[in-house]
Amino acid sequence: MEAYCLLRWKASLDNQSQSVLDSWVGRGPCKWIGVTCDSFGSITILSLINLGLRGNIPSEIGMLSTLSELYLSRNNFTGLIPTSMTKLENLSILYLWANKLSGSIPSEIGFLKSLKELDLSINNLTGAIPSSIGHLRNLSRLGLLLNKLSGSLPLEFNNLTRLKSLELGENGFTGHLPEDVCLGGLLENFAPAFNHFSGSIPKTLRNCTSLFRLRLDWNQLTGNISEQLGIYPHLDYMDLSNNRFHGEIPRKLGQWKNITSLKFSNNNISGSIPLELGNATQLHLIDLSWNHLQGQVPKELAKLKLLIKLCLNNNNLFGVVPLDFKVLSNLDHLNLAANNLSGPIPGQLGELSNLLILNLSRNEFTAGIPFELGNLHFLQVLDLSHNLLMGNIPQQLGQLRTLEVLNLSNNMLSGSIPTTFDNLWGLTVVDISYNELEGSIPDVKAFREAPFEVYRNNKGLCGNASSLKACTSIKSGKTSRAKRKKVVIVIVLPVLAALFLVFLIGGLLILLPLRRRQAQSRELQDKDILVIPGHDQELQYETIIDATENFNSNYCIGVGGCGVVYKAVLPSGRVFAVKKLHSLQESDKSKNLKAFEREIQVLLEIRHRNIVKLHGFCSHSKDSFLVYEFVEKGSLRSILNSDEEAAELDWIKRQNIVKGVANALSYMHHNCPFPIIHRDISSNNILLDSEYEPRISDFGTARLLLSDSSNKASFAGTFGYTAPELAYTMQVNEKCDVYSFGVIALELVMGTHPCNLISSLWSSISSSPLSSSDDHDKLLKDVIDQRLLLPQNQVAESLVYITMLAFSCLHLNPKSRPTMQQISSKLTSKHPLVSKSFSTIKLEELLSNNIANI
C-alpha cells in the first residue's frame with residue numbers, strides 16, 4: 001500500500017517533481033520513509049525524517065491536498081518555506097524543525113486553520129511572527145526556538161488559547177509576553193528564554209495550574225516575584241534566572257509538590273529563604289545565587305532528600321551551615337560562597353559521600369579545616385579561600401584522590417603541608433597563598449608547576465618548584481666562628497654603607513632618565529597588546545579585564561592544564577570564553593609562553609566547524625590570555641555527569657558528536673600542512689554548542705608532527721584517556737589521539753567513563769578464551785546509558801557499529817588501530833547492518849568482530 005501511495009503521488013506530479021521524489025527516496029533507507037493513505041489511496045501522512053535531504057522543499061508539495069501530517073525534520077533543506085504548503089487545508093501537524101530554512105514565516109500561514117502542531121525550530125528564519133498566526137485557533141503546540149526571529153509578538157497571539165506548548169527560546173524577540181498565553185488553562189510548557197522580553201509575567205500564567213515546565217530565563221522581565229507566581233501543582237521545572245525580578249521568594253512555593261528544578265539566580269530578590277521551601281520534597285536542584293537574600297540558611301532544606309545541587313552563593317546570608325545537611329546523601333554540588341556565614345565548617349559535611357564540588361569561599365568561617373572532609377572520596381573542587389580558617393591542614397585531605405581544584409588561599413593556616421598531598425595526582429589547580437604555611441611543598445605536578453602567585457605571602461615554603469627556593473638543611477656554626485662573623489660585620493658594614501650611598505647617588509643620576517624611557521617604552525608596548533585576527537575593535541585588553549572583573553573566580557567556567565577559563569560578557573552583549581594562562585616568574589615565563597605560542601600557532605591555522613574558534617589573543621606584560629568563541633552548553637563531561645542534561649543528549653545527538661569529533665581529528669591529522677596531534681582528547685575538552693555540535697578545545701598540549709622532529713615529548717593528557725603506550729614511551733603520534741577517541745566514543749554510548757570495561761575486556765582477551773570471561777557475557781544493552789530509552793532500528797545499528805569502531809581504536813598495539821581518516825570515512829558512509837537483535841548482542845561479539853573486520 002505504501003508503494004502504491006508513492007506511485008500515485010508521483011503520477012500526480014510533473015516530471016521535475018517526480019525526479020525530486022526519486023532523489024529523496026534514493027538518499028536514505030526506505031524504512032525511514034513513512035507513508036499512510038486513506039481508503040482511496042490518497043496520501044494522508046508523509047514522514048521523511050533524518051534522510052539527509054537537501055535543496056529547497058519542492059513547491060509541488062502543495063498538491064497533496066489530502067495531507068494531514070507532514071514530517072520533514074532533521075534534514076538539510078534550505079531556502080524559503082514554500083507558500084504552496086499553506087494550501088494544505090487539512091494539515092494538522094507540520095514539522096520542519098532542524099533544517100537550514102531561511103527567510104520569514106509566510107504570512108499565509110494563517111490559512112492552515114486545521115493546524116494543531118507547528119514546529120519550525122532550529123532553522124535560520126528571520127523577521128517577525130506574522131499576525132495571521134492568530135488564525136490558528138486550534139494550535140496546541142508551537143515551536144520556534146533557535147532561529148533568528150525578532151520584533152514583538154503580534155497581539156493576535158492572544159487568540160491561541162488552546163496552546164499546550166509554546167517554545168520561543170533563543171531568538172531576538174522584544175516587547176511583552178502574551179497576556180492570554182494560558183487563558184484556556186491548558187498550557188504545560190512555556191519557554192521564551194534567551195530573548196529580550198520586558199515587562200512582567202503574564203497574568204494568566206499566575207493561575208496556570210496546568211504548567212509543567214516554565215523557562216523565562218535570560219530576558220529583561222521585572223516586577224515583584226512574590227506577586228507574579230501562583231500555585232502550580234504539576235510544575236516540574238522553573239527557571240526565572242538572569243532577569244530583573246525583585247521582592248521576596250513566595251512562601252506558597254512549598255505547595256509546588258512536583259517541582260524538581262528551581263532557578264532564580266541573578267535577579268534582585270531580597271528577604272529570607274522561606275522555610276516552606278523544605279516542603280517541596282521532589283526538588284533536585286535549587287539555584288538562588290547572585291541575589292540579595294538575607295537571613296540564615298534554613299535547616300528545613302535538609303528535608304529535600306533528593307537534592308543534587310544547591311547554589312546559594314553571592315547573597316547576604318549569615319549564621320552557620322546547618323548540621324542537618326549531613327543527610328543530603330545525593331548532593332553533588334554545594335556552593336555557599338560569597339555570603340556572611342560564620343562559625344566552624346561542620347565536620348558533618350564529610351558525610352555527603354557523593355559531593356563533587358564544595359565551595360565555601362568568601363565567608364567568615366573560623367577554627368580549623370575539619371578532617372572529615374577527607375571522606376569526600378569523589379570530590380573534584382574544594383574552595384575554602386577567603387575565610388578566617390586557622391591551624392594545620394589536616395592530612396586526611398590527602399585522601400581526596402579525585403581532587404582537581406584546591407583553593408585554601410587567604411586564610412590563617414599554619415604549619416607544613418601534609419605529606420599525604422603527594423597522593424593528589426589528579427590535582428590541576430592549587431592556591432595556598434596568603435597563609436602562614438612553611439616547609440616543603442608536595443611533589444606533584446600541580447604544585448611543581450604552579451606560578452609564584454599561589455605561594456605568595458606565606459611563612460617559608462620551599463621545594464621542587466620553579467617559583468620557590470629548594471629546601472636545604474641548615475647547620476649551625478661554632479660559637480667562635482659566629483663571633484668572628486660579628487666582628488667582620490661591625491668593621492665592614494659601615495664601609496659598605498658609605499660606598500653604597502656614593503654609588504646610589506651617582507646611579508640615580510644616570511638611571512632615572514633611562515628608567516623613564518624604559519617605562520615609556522613598556523607603556524607604548526602595552527597599548528597594543530591584543531592581536532585580533534579580523535581586527536575586532538571591541539576585543540581590547542581593558543574590555544576583557546572589565547568583563548571578568550580582573551579575572552574574578554566568580555566568572556570561572558573551567559580549568560585546563562595551562563590556565564583557567566572565564567566567561568566574559570562584553571557591553572554589546574557578545575559572549576566569549578577567555579583562557580588566562582598561569583603566570584610565572586620572569587625566569588620561567590619562556591616555558592609558559594611556549595605553550596601560549598603553540599596554541600596560537602595551531603589555532604590560527606585551523607578552520608573547522610568542530611574545532612573551537614580563536615577570536616584573538618593577548619600578550620600583556622601582566623596577563624596572557626586567549627579569546628575563544630563561547631560554546632554555550634559547556635563540556636561533554638559536565639553534561640554526561642548531569643542526569644537531566646544527559647537525558648536531553650539523545651542517541652541521535654550522541655552519534656553526531658562521535659562523527660563531529662572524528663571529522664575534526666581526521667582534519668587535524670590528515671588535512672593540515674603538518675599533522676597536528678592534540679594529545680589531550682577527553683570529554684572535558686569537547687565542548688557542545690546550543691545545537692549539541694561538538695568543538696574540540698584546549699590545544700595547549702598540541703604538537704606538530706614535523707619531518708625533522710623526533711616526536712618525543714613529556715607526558716601530556718588526562719588520565720583515563722591517554723594511550724597505554726605513553727606509560728613506557730614518550731613517542732607521540734596520531735595513534736595517541738585515536739585511542740582517546742575510542743574512549744570518548746564508548747563514554748557516549750555508556751554515559752560514563754568506560755575505564756573498568758576497557759581494562760577487563762583487553763586483559764581477558766589477551767590471557768584466556770573469550771568465553772571464559774564474565775565480562776564478555778555482558779550484553780550491550782546492559783552497559784549503554786540507562787538514562788535513555790533502548791535504541792531501535794537504524795539508531796541501534798549505528799550504535800553497535802560505533803561500539804565496534806571504538807574497540808578497534810582501543811587496541812593495545814598502536815599499529816593495529818585505524819587512522820582517524822578511516823574512522824571518519826566509515827562513520828559517514830553507510831555501514832553494514834547488524835543481523836542480530838540489539839538486545840542480544842554480546843560485548844564478546846563486538847570485540848572479536850572489530851579485531852577481525854575493522
Side-chain angles (χ1 to χ4, degrees), residues 337 357-362 369 373 379-390 392-394 397-398 400 403-471 548-566 578-593 595-596 620-625 700:
I357 296 175
L358 177 60
N359 191 345
L360 303 178
S361 64
R362 299 182 184 275
I369 299 174
L373 297 185
L379 200 66
Q380 298 174 1
V381 176
L382 177 61
D383 192 344
L384 306 179
S385 63
H386 293 271
N387 279 290
L388 304 173
L389 300 173
M390 59 184 66
N392 295 338
I393 300 174
L397 294 190
L400 304 177
L403 200 63
E404 298 177 10
V405 177
L406 174 65
N407 194 344
L408 304 178
S409 65
N410 291 274
N411 281 288
M412 297 181 289
L413 300 172
S414 58
S416 58
I417 303 173
T419 56
T420 55
F421 275 37
D422 289 342
N423 298 321
L424 300 181
W425 293 103
L427 206 61
T428 58
V429 175
V430 64
D431 192 347
I432 53 175
S433 60
Y434 293 91
N435 281 288
E436 299 175 11
L437 299 169
E438 56 187 332
S440 177
I441 64 169
D443 187 22
V444 293
K445 181 179 178 181
F447 280 90
R448 287 195 304 267
E449 300 183 358
F452 175 71
E453 281 77 4
V454 310
Y455 300 123
R456 186 186 299 275
N457 284 73
N458 272 289
K459 195 170 183 179
L461 292 171
C462 61
N464 184 20
S466 56
S467 57
L468 294 176
K469 295 180 179 179
C471 297
T548 59
E549 295 185 21
N550 200 14
F551 298 109
N552 189 300
S553 61
N554 291 325
Y555 295 90
C556 176
I557 57 174
V559 177
C562 300
V564 182
V565 183
Y566 299 84
V578 181
K579 177 177 170 184
K580 181 180 180 292
L581 291 183
H582 300 313
S583 55
L584 295 175
Q585 290 180 314
E586 290 294 330
S587 59
D588 297 293
K589 276 189 177 180
S590 59
K591 180 180 178 182
N592 208 34
L593 284 175
F596 180 58
H620 192 272
S621 56
K622 181 182 178 182
D623 300 310
S624 294
F625 55 79

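- Considering every non-hydrogen atom in both Glu436 and Lys459, the closest pair reads O-CB, 3.6 Å.
- Taking the six-membered ring for Trp and the full ring otherwise, Phe625 and Tyr566 have centroids separated by 6.0 Å or more.
- The CZ atom of Arg362 lies 13.0 Å from the CG atom of Leu384; values are rounded to the nearest 0.5 Å.
- Residues Leu400 and Leu406 form no side-chain contact, since every pair of their non-hydrogen atoms from C-beta on lies 4.5 Å or further apart.
- Remark: of the listed residues Leu382, Val429, Asp383, Asp383 is the sole one forming a side-chain contact (heavy atoms from CB on, under 4.5 Å) with Asn407.
- Residues Asn457 and Ser433 have side chains not in contact (no heavy-atom distance under 4.5 Å, counting atoms from C-beta outward).
- Of all heavy-atom pairs between Tyr455 and Ala450, the closest is OH-CB, 3.8 Å.
- Leu388 has its side chain within reach of Met412: a pair of non-hydrogen atoms, C-beta onward, lies under 4.5 Å apart.
- Going from atom CG of Asn392 over to atom CD1 of Ile417 covers 11.5 Å, rounded to the nearest 0.5 Å.
- Summarising the geometry of Asp443 relative to Trp425, their closest heavy-atom pair is O-CH2, 4.1 Å, with the distance given to 0.1 Å.
- Between Gly463 and Cys471 the shortest heavy-atom distance is N-SG, 3.4 Å.
- At a threshold of 4.5 Å between non-hydrogen side-chain atoms, the residues Val444 and Val430 do not count as touching.
- For the residue pair Phe421 and Gly398, the shortest heavy atom distance occurs at CE1-N, 3.8 Å.
- Using a 4.5 Å heavy-atom cutoff, the side chains of Phe551 and Val564 are not in contact.
- Proximity of a side-chain donor or acceptor of Asn410 to a complementary backbone N or O of Ser385 within less than 3.5 Å is not detected.
- Residues Thr420 and Leu397 fail the side-chain proximity criterion, which asks for heavy atoms closer than 4.5 Å.
- With a 4.5 Å cut-off on side-chain heavy atoms, Leu379 and Leu373 do not count as touching.
- With rounding to the nearest 0.5 Å, the separation of CG in Asp431 from CZ in Arg456 is 10.5 Å.
- Not one N or O on the side chain of Tyr434 forms a donor-acceptor pair closer than 3.5 Å with the backbone of His386.
- Inter-residue side-chain proximity for Leu408 and Leu437 is flagged as unmet; no heavy-atom pair is nearer than 4.5 Å.
- In this structure, OG in Ser414 is found 11.5 Å from CG in Leu389, a value given to the nearest 0.5 Å.
- Between Asn435 and Leu413 the shortest heavy-atom distance is OD1-N, 3.0 Å.
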